[in-house]
Amino acid sequence: MVVKEEERLELFLKTGLDERTARHTIANNKVTNNLTAVIHEAGVTEGCNRTIGNLLYTVRLDNLKCTSCTMDTASESFELKGFEDACGVGVEVSEEDIERTVNEVFEQNKGSILELRYRTNVGDLFRHVRKRLPWADPKIVKKLIDAKLCELLGGRTAADNEKPSKQKKEKPAKVEDKKVADDNPVQPPEKLNPFLIFPNPEENFKVHTEIFFSDRPVLQCCNTKEVLDKHLKRTSRKVYTHSPPEPNGYLHIDHAKAMFVSFGLAREQGGCCYLRYDDTNPEAEKKEYIDHIEEIVEWMGWKPFKITYTSDYFQEIYELAVELIQRGHAYVDHQTYCRIFETF
């Protein structure tokens with residue numbers, strides 16, 4: 001067993017993974033098997049540069065399975081070139097191409113942009129550009145769109161920052177002819193509030209967490225009324241949420257949905273939402289991703305109450321873990337190359 005682990009460690013190190021990441025990977029059998037399969041499929045068992053190794057580590061076997069499934073189930077008339085063309089293999093989009101396309105999109109929508117100014121839906125402009133250049137770098141597209149807006153409209157004015165006033169709808173002229181009253185008039189559909197599924201702060205004692213055991217009945221845990229009252233007093237009955245992205249990559253659609261719940265619920269309840277970077281491995285995080293996350297959160301219209309980092313609380317988390325162990329509610333299981341903290 002040890003020999004096999006050392007062989008896999010050596011294989012992972014050849015692909016450019018640092019020793020710490022490689023040892024953490026070996027601790028997880030599923031990830032280890034996936035990554036080993038990807039390395040063999042890519043034909044780099046004798047080693048590769050760090051860039052390719054990081055790409056293989058990211059892709060692992062999930063995307064490989066999708067590709068393999070496509071290739072295995074394809075008909076005999078499957079054309080590799082057509083498949084690669086559809087995937088954008090070998091396509092290079094220069095910044096000049098992107099700039100030219102952005103100028104064309106702005107020219108076609110110039111009238112609307114000048115009318116709406118900075119209330120223009122940037123997402124629509126972005127979508128028009130990506131429709132023409134699907135393989136363009138989105139960061140360059142956004143940078144050029146922002147620059148073009150500033151060039152066309154100039155700096156923001158006080159009027160741009162004002163909220164648009166709601167215009168009163170004109171009442172239709174009264175019709176002389178009397179209409180027969182409907183005994184069952186059709187009621188307009190009510191606007192759904194997605195946050196109604198969440199309880200109010202003072203009702204949190206109704207929320208139960210179920211814990212399943214293999215050797216005993218299901219345990220239902222909930223806050224006691226005393227603990228809840230103490231919490232409500234400390235928070236002034238406000239709702240506090242947090243959005244915890246890990247700064248090791250760019251945000252995707254699931255982050256947008258999560259932010260809608262975290263920031264949206266706090267706004268709905270008049271509370272606060274923290275932007276808490278989940279940097280559980282600070283050495284592996286990049287400033288580029290931290291800046292990108294903050295930029296996108298603001299771009300989507302959310303304003304964090306406070307920005308914090310998980311690494312700021314490592315000592316506090318450690319002390320709480322020790323307290324749980326001392327109370328007999330947790331234990332540390334020492335395994336090879338990893339430690340598992342488990343509560344019960």
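The figures here come from the full heavy-atom set of this structure, side chains too, leaving out hydrogens, waters and symmetry mates.
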Could you name each residue pair satisfying salt bridge (charged side-chain N to carboxylate O under 4.0 Å, His left out) that touches residues 229-244, not counting sequence neighbours? Lys225-Asp229
Is the closest basic N to carboxylate O distance between Glu323 and Arg327 below 4.0 Å? yes
Distance (rounded to the nearest 0.5 Å) between Asn248 CG and Ile293 CD1: 8.0 Å
Any idea which heavy atoms bring Val141 and Ala136 closest together, and the distance? CG2-CB, 3.9 Å
Just so I know, are the side chains of Lys143 and Glu95 near enough to count as touching, which here means a heavy-atom distance under 4.5 Å? yes
Do Trp135 and Val102 sit in the same hydrophobic cluster, where Ile, Leu, Val, Met, Phe, Trp and Tyr count as joined when their side-chain heavy atoms come under 4.5 Å apart? yes
Test side-chain contact (heavy atoms from CB on, under 4.5 Å) applied to Asp97 and Arg132, step by step: CA-CA 10 Å; Asp97 293 334; Arg132 302 185 186 191; over 6 Å; no
Between OG1 of Thr101 and CG of Leu144, what distance do you get to the nearest 0.5 Å? 10.0 Å
Search all heavy atoms of Phe106 against all heavy atoms of Ile145 and return the closest pair with its distance. CZ-O, 3.7 Å
For residues Leu251 and Tyr289, determine if any side-chain heavy atom of one lies less than 4.5 Å from a side-chain heavy atom of the other. no
For residues Gln108 and Glu104, is any side-chain donor paired with an opposing acceptor at under 3.5 Å? no
Asn193 and Glu268, any side-chain heavy atoms less than 4.5 Å apart: yes
Does the side chain of Tyr309 come within less than 4.5 Å of Ile290's, by heavy atoms? yes
Run the side-chain contact (heavy atoms from CB on, under 4.5 Å) test on Phe198 and Gln269 for me, step by step, so that the C-alpha distance in whole Å, both residues' side-chain angles and the decisive distance to 0.1 Å come before the verdict. CA-CA 10 Å; Phe198 297 98; Gln269 296 279 4; 5.5 Å; no
Residues in side-chain contact (heavy atoms from CB on, under 4.5 Å) contact with Leu153, at least two apart in sequence or another chain: Ile113, Leu114, Arg117, Tyr118, Leu149
Hey, mind stepping through Ile296 and Tyr250 against side-chain contact (heavy atoms from CB on, under 4.5 Å) and telling me if it holds? CA-CA 9 Å; Ile296 294 301; Tyr250 297 109; over 6 Å; no
Taking the basic N atoms (NZ, or NE/NH1/NH2) and the acidic carboxylate oxygens, is any pair closer than 4.0 Å for Lys142 and Glu295? yes
Cluster check Phe260, Tyr240: I/L/V/M/F/W/Y, side chain < 4.5 angstrom: no
Roughly how far, to the nearest 0.5 Å, is OG1 of Thr310 from CD of Glu246? 9.0 Å
Contact between Thr45 and Leu11 at the side-chain level, heavy atoms closer than 4.5 Å - yes or no? yes
So, taking the atom named SG in Cys273 and the one named NZ in Lys303, what distance separates them when rounded to the nearest 0.5 Å? 13.5 Å
Atom CG in Leu133, atom CZ in Arg100: separation rounded to 0.5 Å? 8.0 Å
Do Ser112 and Asn109 have a side chain donor and acceptor closer than 3.5 Å? no
Below 4.5 Å, heavy atoms only, C-beta onward: do Pro304 and Val297 meet side chain to side chain? yes
Looking at Glu319, I'd like to know if its CD atom is crowded, meaning that more than 12 non-hydrogen atoms belonging to other residues, nucleotides or ligands lie closer than 6.0 Å. yes
In terms of hydrophobic clusters joined by side-chain contacts under 4.5 Å, are Leu320 and Tyr313 together? no
A side-chain contact here means heavy atoms from C-beta on lying under 4.5 Å apart; do Tyr277 and Glu294 qualify? yes
Keeping Asp278 on the side-chain end and Pro244 on the backbone end, is there a donor-acceptor pair under 3.5 Å? no
For the OG1 atom of Thr241 and the CG atom of Leu275, what is their distance to the nearest 0.5 Å? 10.5 Å
Please, which pairs that meet side chain to side chain donor-acceptor pair (under 3.5 Å) have at least one residue in residues 251-262, sequence neighbours excluded? His252-His255, Asp254-Lys257
Got Glu7 and Thr36 here, is their nearest side-chain heavy-atom distance under 4.5 Å? no
In terms of hydrophobic clustering (I, L, V, M, F, W, Y; side-chain heavy atoms under 4.5 Å; direct or indirect links), are Phe263 and Ile307 co-clustered? yes
Is there a path of hydrophobic side-chain contacts, each under 4.5 Å between heavy atoms, that joins Ile98 and Val122? yes
Please state whether the rings of Phe305 and Tyr274 are parallel, tilted or perpendicular, taking 30° and 60° as the class boundaries. perpendicular
Main chain of Leu116, side chain of Thr120: is a donor-acceptor contact present, judged purely on distance under 3.5 Å? no
